[in-house]
Structure formats: structure tokens, C-alpha cells
Amino acid sequence: MTTTASPTARPLRAALSPSRAADFKQCPLLYRFRVIDRIEGPPSPAAARGTLVHAALERLFDLPAAERSPEAAVGLLRPEWERLVREEPELATLIAGDAVPTDGSEIADGAGVDEATWFGDAEALVRRWFTLEDPTCLEPAERELYVEADVDGLTLRGYVDRLDVAPDGRVRVVDYKTGRAPSELFEGKALFQMKFYALVLWRSRGVMPTLLQLVYLGDGQIVRYAPDEADLRALERNVAAVWQAIRRAAETGDWRPRTSRLCDWCDFRDLCPEWGGTPPPLPDNARALAVDPSAAGEPEVAQD
């Protein structure tokens, strides 16, 4: 579905999220589809499962440390799914069956994926997390933390899954991924997101994170990276360059696609000229939409 909402007439500060920055770096046309045309990819059972697992792991830390068991975490899956469906009823259509009622209506037979398999996969991801970290020994300083910082007039913002702060002040940024750890060829995108968060935290709090930690639940791997000042200053320059490139594309209307192996997973291949598709006409207000902070800087709550 495509909607084109005009940005408000009141001047707004330019903003960029790691997701939209990564979109433009991957493919300017992808950025255009998401920010200017406001085309949303089709909802997927895998993305919904990721959202559910993130929610369950976040809620687990509401329990006393001694009660944070695998069984307790698995027990959170159904209640959290019911909450998510109440907030977004269309999620219910992704799963076959009517075991998770929302308003009393039934989900059509054959809709979505098999419910037992879907919940079973979510349970397996949750249980695998306990082989990687021990929540009885963790007391996160923050969960699903919204972070924001101004960098030379550009607001950088996003959501951090978990922030751990040691007694000596060391900071660890943790992000859960429900997929498998990528090969080195594709690892850069995930590290870009984490360095982006580190930069925002450094600029907003004056404290550089000691460790960036990606927890891949799909195959039980942990990727750790220790940033330094040179890293974050280089990223700061890179993000500034990306924003300038976005502004140039907005001025010229040149949103040409950039092909790569990531095209195999793109939701918009049928609209891409590189794959025989035709993009929709650019809206009259495309230049304003391209830098509209409500889209370019919209932070995404994790679902991968």
C-alpha cells in the first residue's frame, strides 16, 4: 500500500535512523520506496516472530533474577503475542488457526503459517538464548531504549535492544537477531547499525560504549566488537556523507537502483527497473518527503 503524507509546514530538524541510512547505502531506490513512496513490504511470519521474541526477552527482565528461567521466558510468548495482536490485529492473519483470539473473530483456515510450528520456532529461539547468556546474572540498565543525538544539525536516532552498564561504568550495547549470523560479506550492515547506536550514545551521554554485542539466536553465535574513537569519528563522517547524498538525490530526483546480492531478499523487486519493474511516478512533493524527519529519521523497534 502506498501513502504520501506531506510533511508539516513547521520547520523540523533533519533526522536519520540507522535503518534508513543503511537503506540508502544499500540502494537509493530502496530508500525512495520506503521514505518517499511510503511503500511497506508485505508482513511476514518471520518478522512477526522476531518482534515476539524481542518482546519476550525484554519482559523477562521484569521478573526477579532467580525466576528468569527458560520456562518463564517461553511462558511469556503467548501473552506477548496476544498483546501484539491487540495492538496490530493484522498480525493475526500471519498464523493459521484461531488459538490467539483478538476480537472474537476467527482466522480463516489456511491463512498464514502453521501456528504450532510458528510458536515452536519462537520457543526454540528463546531457549537458545539461554545457552548464550545467563539472565539471572544480568541487570540491564535500559531495555528498548530510545536514543537520540544531534550531530552537526542532523538528529540521529534509534532504539537499542539492551544497554548494560557495569559497576565501573563500562557500557555494553546488545542487539538480538533472530536470524543466523551473516557471512563477512554481509556483516557490515549489522555492525553499521551497532556503531550508529554507539555514536549516538557517545554524542548524547559523553560515554563511549566499551562493547557492541550482536546475539544471533538463529544459530547461537555472538559477534562482539569494541569500538574506539577513530571508529566512531569515521562513522560520523560516513553518516554525514550519506545524508548529503540523500539531499542531492532529493534535489535531482535521481534514485537509481544499486544491485547486489541483497536484491534476492528485496521486497520491491517487482517495482525495480533492474528486474523488469516500473517504479511509481515520483510524488509532486518528493523533494520534501525525501528529507522528512518523520520517515528518514523514523526509528524502528527491532523485529529481526
Side-chain angles (χ1 to χ4, degrees), residues 5 7-8 10-28 30-36 38 54 140-165 170-177 187-214 223 225-251 255 287-304:
T8 177
R10 179 174 58 86
L12 295 174
R13 183 180 294 275
L16 192 62
S17 71
S19 299
R20 298 295 77 84
D23 284 346
F24 188 86
K25 285 163 65 73
Q26 177 182 325
C27 174
L30 174 61
Y31 179 93
R32 181 205 139 166
F33 286 153
R34 286 184 168 151
V35 174
I36 298 176
R38 310 291 173 96
H54 277 83
E142 305 282 357
R143 291 169 278 154
E144 286 299 333
L145 172 67
Y146 173 77
V147 294
E148 176 181 297
D150 177 89
V151 178
D152 295 328
L154 177 64
T155 299
L156 307 181
R157 56 197 189 193
Y159 279 99
V160 173
D161 283 351
R162 198 180 86 213
L163 196 70
D164 299 334
V165 179
R170 288 175 300 156
V171 174
R172 177 171 61 184
V173 181
V174 181
D175 194 70
Y176 307 121
K177 301 291 187 185
E187 190 177 79
K189 184 175 181 179
L191 285 177
F192 172 82
Q193 176 192 23
M194 296 299 281
K195 290 180 182 180
F196 191 103
Y197 294 149
L199 173 61
V200 174
L201 287 165
W202 182 38
R203 289 307 190 196
S204 61
R205 299 188 175 196
V207 177
M208 182 173 300
T210 308
L211 189 67
L212 311 178
Q213 180 168 299
L214 287 153
V223 175
Y225 185 83
D228 58 27
E229 183 172 335
D231 270 338
L232 299 191
R233 289 193 182 279
L235 180 75
E236 192 170 58
R237 293 191 296 270
N238 180 264
V239 170
V242 168
W243 183 246
Q244 290 305 314
I246 290 171
R247 293 182 61 182
R248 285 195 299 272
E251 291 292 329
W255 301 99
R287 182 183 300 180
L289 290 170
V291 295
D292 176 6
S294 68
E298 181 180 11
E300 294 184 352
V301 177
Q303 58 178 329
D304 52 358

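Remember, it's a predicted structure, so these values are computed and weren't measured experimentally.
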With rounding to the nearest 0.5 angstrom, report the CG to CZ distance, Leu199 to Phe192. 9.5 Å
Correct closest heavy-atom pair for Ala290 and Val35 would be O-CG1, 3.8 Å
Side-chain contact test, heavy atoms from C-beta onward, threshold under 4.5 Å: evaluate it for Tyr159 versus Leu145 and give yes or no. no
Calculate, to the nearest 0.5 Å, the distance between atoms CD and CZ belonging to Glu236 and Arg233 respectively. 6.5 Å
Atom pairs and distances, side-chain donor-acceptor, residues 238-245, under 3.5 Å, sequence neighbours left out:
unit_1	atom_1	unit_2	atom_2	d
Asn238	OD1	Lys25	NZ	3.2

Over 12 non-hydrogen atoms of neighbours within 6.0 angstrom of CG in Asp152: no
Would you say that Arg143 contacts Asp161 through its side chain, given a criterion of any heavy-atom pair below 4.5 Å between the two side chains? no
Ala226 and Asp231 have their tightest heavy-atom pair at O-OD2, 4.2 Å
To the closest 0.5 Å, what do you measure between NZ (Lys195) and CG (Leu232)? 8.0 Å
In Å, rounded to the nearest 0.5 Å, how long is the span from OH of Tyr31 to CD1 of Ile246? 4.0 Å
Considering all heavy atoms of both residues, which atom of Val151 and which atom of Arg203 are nearest to each other, and what is their separation? CG2-CG, 4.1 Å
Answer yes or no: is there a side-chain heavy-atom contact under 4.5 Å between Ser204 and Val147? no
Establish, from distance only, whether the side-chain atoms of Asp175 and Tyr197 form a donor-acceptor pair under 3.5 Å. no
Side chains of Arg170 and Val165, heavy atoms from C-beta outward: is any pair under 4.5 Å? no
With a 4.5 Å limit on heavy-atom distance, are the side chains of Leu156 and Glu148 in contact? no
Between CZ of Arg38 and CG of Leu289, what distance do you get to the nearest 0.5 Å? 5.0 Å
Can you confirm whether Glu142 sits close enough to Val160 that some side-chain heavy atom of one is under 4.5 Å from a side-chain heavy atom of the other? no
Determine whether Val207 and Trp202 make a side-chain contact, defined as any pair of heavy atoms from C-beta on separated by less than 4.5 Å. no
If you compare all heavy atoms of Arg13 against all heavy atoms of Thr155, which two are closest, and at what distance to 0.1 Å? CD-OG1, 2.7 Å
Going by side chain to side chain donor-acceptor pair (under 3.5 Å), name the residues that satisfy it together with Arg162, two or more places apart in sequence or in a different chain. Glu133, Asp164, Tyr176
Side-chain heavy-atom pair Arg157, Pro293 within 4.5 angstrom cut-off: yes
Nearest non-hydrogen partners of Ser17 and Phe196, listed with the distance: C-CZ, 3.8 Å
Rounded to the nearest 0.5 angstrom, the OG-CD distance for Ser19 and Gln26 is 11.5 Å
Can you label the angle between the Trp255 ring and the Phe24 ring as parallel, tilted or perpendicular, going by 30° and 60°? perpendicular
side-chain contact (heavy atoms from CB on, under 4.5 Å), paired with Val173, selected from Leu214, Thr210, Leu163: Leu163
